[in-house]
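Below is one structure, written out as structure tokens; comments come after it.
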Amino acid sequence: MTTTRFAPSPTGHIHIGNLRTALFNWLIARKAGGTFILRLDDTDPERSKEEYADAIKEDLEWLGLTWDRVERQSARLDRYAAAADDLREKGRFYEAFETPGELDLKRKKQLNMGRPPVYDRAALSLSEDEKARLRDERGGHWRFKLNHERIEWADGILGDVSIDAASVSDPVLIRADGQVLYTLASVVDDTEMGVTHVVRGSDHVTNTATQIQIIEALGGQVPHFAHHSLLTGSQGEALSKRLGTLSLRDFRAAGIEPMALLSLMARLGSSDPVELRGSLDELVEGFDISRFGAAPTKFDSEDLKPLTARTLAARPYEDMAEDIRAVGVPDDLAPLFWKVVHENVETRNDLGPWWALFRDGTDDPVVADEDRDFVAEAFRLLPEPPYTQDTWGAWTAQVKDQTGRKGKGLFMPLRLAITGRQRGPEMADVMALLQTKPRL
């Protein structure tokens with residue numbers, strides 16, 4: 001069975017880059033009728049927070065990306081310890097003792113000599129007495145011993161990948177304080193949970209090479225890997241410094257609709273055009289990981305606004321009734337309210353301002369100096385509410401007779417004075433919703 005996973009660390013909120021990974025893995029599992037695992041990488045007890053674990057679930061549920069089961073790495077420490085023992089017995093795991101400062105100095109020396117900054121395996125030449133002394137002085141960390149050969153795989157996005165293991169440092173899998181690091185935990189989980197497909201960012205390519213050797217050393221089945229491109233800003237700038245402002249809950253607070261976000265992210269960076277989808281099933285049906293490219297992918301949050309507007313415009317009143325009631329629209333006016341504004345809202349957050357306009361009138365009437373006397377005369381001719389959809393036609397006909405104005409010179413100044421906007425719903429519909437007589 002096709003099995004994928006999304007493995008976020010509960011050390012912060014999900015951002016737009018995390019979403020891409022989660023969505024691709026979810027789509028692959030759903031298209032194949034397989035299993036999607038939410039796996040919380042919470043082996044760091046100091047940084048992992050339960051509030052973030054809950055927030056991750058909440059954000060995924062908001063998007064409709066439900067999971068088949070939840071796993072927590074903090075509950076599997078015994079499995080990682082057993083894997084570490086297995087690697088020790090096979091001679092593929094060794095203890096090293098360099099401090100971060102010493103390792104940094106080694107890297108600098110290698111770079112100065114024109115060599116790649118690869119760990120020199122000095123720990124392998126230590127005697128047992130030397131190891132015991134260093135272990136007492138500073139504690140040791142554990143590295144996986146790579147076989148110095150080419151590591152190759154057919155990547156679902158990048159194509160054929162080949163990395164010389166001799167150009168990569170033996171990865172640290174367990175820190176001096178005993179914390180199991182991502183590389184080992186991920187391999188053990190993927191192997192024991194039967195993960196068949198792993199999709200993640202292209203910054204993991206080298207990590208994948210080392211993980212393939214660890215999987216093979218543990219006797220596991222290597223999954224199918226695919227590495228999607230990293231997102232950049234609209235001008236090609238790195239997003240890394242802005243990810244804190246690109247969390248899913250920030251988009252949610254800004255009123256972005258789930259299907260707008262998912263429709264964009266399910267096509268962005270692929271050879272297919274972005275198309276607004278009406279359901280998750282449509283997203284699944286049209287997804288093909290092989291159509292994505294390796295080049296950095298530009299992401300502009302402004303692209304989400306028109307997609308959200310189109311998503312909302314297509315929603316029936318019944319889907320919006322709760323939101324409309326929440327901003328104070330009376331039930332007897334609510335269906336008409338949605339009919340009038342549904343093509344004039346960018347997000348759900350616009351519902352409140354539209355109702356405030358109909359209820360109280362605009363706080364910002366736009367009246368040119370040359371139109372002030374005309375608008376004042378027109379408002380004098382307008383009776384007090386309630387109004388109907390016939391009010392606009394009857395009133396403007398009377399204003400035309402009294403002032404001689406017609407066409408745009410008649411209608412636009414009145415629209416601006418009543419709504420403060422140059423564009424919007426039909427004024428006959430606007431008048432039917434006005435609860436107070438407009439005034440200058």
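Surrounding CD of Glu51 are more than 12 heavy atoms belonging to other residues, nucleotides or ligands, all under 6.0 Å away. Applying the 6.0 Å contact sphere to CD of Gln221 captures no more than 12 heavy atoms from other residues, nucleotides or ligands. Atom CZ of Arg138 is surrounded by more than 12 heavy atoms from other residues, nucleotides or ligands within 6.0 Å. Around the NZ atom of Lys131, the shell of radius 6.0 Å holds more than 12 heavy atoms that belong to other residues, nucleotides or ligands.
The salt bridge (charged side-chain N to carboxylate O under 4.0 Å, His left out) analysis of residues 420-430, with sequence neighbours excluded, yields no pairs.
For Thr4 (side chain) and Asn25 (main-chain N/O), a donor-acceptor pair under 3.5 Å exists by modelled atom type. Between the Arg92 side chain and the Lys145 main chain, a donor and an acceptor come within less than 3.5 Å of each other. For Asp319 (side chain) and Arg315 (main-chain N/O), no donor-acceptor pair under 3.5 Å exists by modelled atom type. A donor-acceptor pair is defined here as one N or O able to donate and one able to accept, closer than 3.5 Å; such a pair exists between the side chain of Glu102 and the backbone of Thr99.
Pairing each heavy atom of Leu261 with each of Leu248, the nearest pair is CD2-CD2, 4.1 Å. Residue Trp355 comes nearest to Gly328 through the heavy atom pair NE1-O, 3.5 Å, listed as atom of the first residue, atom of the second, then distance. Contact detail for Ile56 and Ser9: the closest heavy-atom pair is CD1-O, 4.0 Å.
Between the side chains of Tyr182 and Gln73, no donor N or O sits under 3.5 Å from an acceptor N or O. Side-chain contact annotation: Asp364 with Thr362, donor-acceptor N/O pair under 3.5 Å absent. A side-chain donor-acceptor contact under 3.5 Å links Thr297 and Ser229. At a cut-off of 3.5 Å, with distance as the only test, a side-chain donor of Ser162 or Arg150 sits close to an acceptor on the other residue. Counting only N and O atoms by type, the side chains of Arg76 and Thr43 include no donor and acceptor under 3.5 Å apart. If you check the side chains of Ser127 and Glu130, you find a donor sitting under 3.5 Å from an acceptor. Residues Asp360 and Thr436 bring no donor and acceptor atom of their side chains to less than 3.5 Å of each other. Looking only at atom types and distance, the side chain of Ser186 has a donor-acceptor partner in the side chain of Arg5 under 3.5 Å away. Checked by atom type, the side-chain pair Asp42/Ser74 shows a donor-acceptor distance below 3.5 Å. A side-chain N or O of His228 and one of Thr21 form a donor-acceptor pair less than 3.5 Å apart.
Note that Arg88 lies in the cation-pi zone of Trp142, set by a 6.0 Å cut-off to the ring centre and a 45° limit from the axis.
Separation of atoms CG (Asp54) and NZ (Lys49) is listed at 13.5 Å; rounding is to 0.5 Å. A distance of 4.0 Å separates CG in Leu23 from CG in Leu27, rounded to the nearest 0.5 Å. Rounding to the nearest 0.5 angstrom, the gap separating the OG1 atom in Thr308 from the CG atom in Asn349 is 10.0 Å. Here CG of Leu126 is found 9.5 Å from CD of Glu95. Values are rounded to the nearest 0.5 Å.
Relative ring orientation between Trp392 and Phe411 is described as tilted, the plane-to-plane angle lying within the 30° to 60° band. Aromatic ring pairs are classed by plane angle as parallel below 30°, tilted from 30° to 60° and perpendicular above 60°; the pair Phe287 and Phe24 is tilted. The aromatic rings of His227 and Trp153 are tilted relative to each other, their planes meeting at an angle between 30° and 60°.
At least one side-chain heavy atom of Leu134 sits less than 4.5 Å from a side-chain heavy atom of Glu137. Between Pro425 and Val430, some side-chain heavy-atom pair lies under the 4.5 Å cut-off.
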Query raised in the report: Please walk me through it: do Arg291 and Asp272 pass salt bridge (Lys or Arg N to Asp or Glu O under 4.0 Å)?
Result: CA-CA 7 Å; Arg291 298 182 70 81; Asp272 296 315; 2.8 Å; yes

